[in-house]
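The residues of the chain are indexed from 1 along the displayed sequence.
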Amino acid sequence: QARLVESGGGLVQPGGSLTLSCAASGWVIGAGDMAWFRKTPEGQYTMIAQTNSAGWNTYDASVEGRFTISRDVRQNRINLQMRDLRFGDTALYYCNTPGRRFPWGQGTQVTVSW
């Protein structure tokens, strides 16, 4: 069973930047599609960025143009570069396959605040 570990979150001011990383064990990142999600206050996981094995990326409208998903096959990680962060980006962030195939990791908290 794959294990996903997210990291890189923190406290950042509006307009700031962060890069999140997701390390996978028991699963080869390059083998299939991967995605980043964030958890709503209601507890729902919302997919915000997706990358497929061909390198095509898609984004939720709320992050389009500000977030970039990428895959590091050598380190077996996927990353999420976030810039121009807004209050509404405050959330716990998770990685998984788009189909939510694996158990959720612990997530990494991003807080956008003054």
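- At a threshold of 4.5 Å between non-hydrogen side-chain atoms, the residues Gln50 and Pro98 count as touching.
- Put simply, Met47 and Leu92 are part of the same group of oily side chains (I, L, V, M, F, W, Y) that touch within less than 4.5 Å, one to the next.
- The shortest distance between side-chain heavy atoms of Asn79 and Ile69 does not fall below 4.5 Å.
- Checked by atom type, the side-chain pair Arg38/Thr46 shows no donor-acceptor distance below 3.5 Å.
- Tyr93 and Glu6 make their closest contact through O-CG, 3.9 Å (heavy atoms, listed as atom of the first residue, atom of the second, distance).
- Ser17 contributes atom OG, which lies 10.5 Å from atom CZ of Arg66 (distance to the nearest 0.5 angstrom).
- Ring centers of Trp104 and Phe37: under 6.0 Å apart, within the cut-off.
- One distance of note links CZ of Phe102 with OG of Ser25; it measures 10.0 Å at 0.5 Å rounding.
- Neither side chain, Thr19 nor Arg83, offers a donor N or O lying under 3.5 Å from an acceptor on the other.
- Residues Ile48 and Tyr59 have side chains not in contact (no heavy-atom distance under 4.5 Å, counting atoms from C-beta outward).
- Aromatic ring centres of Tyr94 and Tyr45: separated by under 6.0 Å.
- Side-chain atoms of Asn52 come within 3.5 Å of backbone N or O of Trp56 as a donor-acceptor pair.
- Distance SG/Cys95 to CG/Leu80: 10.0 Å, rounded to 0.5 Å.
- With hydrogens and angles disregarded, no donor-acceptor distance shorter than 3.5 Å links the side chain of Arg3 to the backbone of Ala23.
- For the atom pair OG of Ser113 and CD of Gln13, the computed distance is 8.5 Å after rounding to the nearest 0.5 Å.
- The minimum heavy-atom distance between Leu20 and Trp36, with the atom names listed, is CB-CH2, 3.7 Å.
- A donor-acceptor pair under 3.5 Å is formed between the side chain of Thr108 and the backbone N or O of Gly9.
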Before giving the answer on side chain to side chain contact (heavy atoms under 4.5 Å, CB included), spell out for Leu4 and Asn96 the whole-Å C-alpha distance, their side-chain angles and the decisive distance to 0.1 Å. CA-CA 7 Å; Leu4 304 169; Asn96 212 320; 4.0 Å; yes
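- The two residues Asp84 and Asp89 make their nearest non-hydrogen contact at O-OD2, 4.3 Å.
- Atom CG in Leu11 sits 10.0 Å away from atom CD in Gln109 (nearest 0.5 Å).
- Taking CZ of Arg71 as the reference point, atom CE of Met34 lies at 7.5 Å (rounded to 0.5 Å).
- Judged by distance alone, the side chain of Thr51 and the main-chain N or O of Ser70 form no donor-acceptor pair under 3.5 Å.
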Candidate pair Val5 and Gln106, rule side chain to side chain contact (heavy atoms under 4.5 Å, CB included), full reasoning: CA-CA 7 Å; Val5 179; Gln106 84 287 350; 4.0 Å; yes
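- The shortest distance between side-chain heavy atoms of Thr111 and Val12 does not fall below 4.5 Å.
- A heavy-atom distance below 4.5 Å is not found between the side chains of Lys39 and Gln44.
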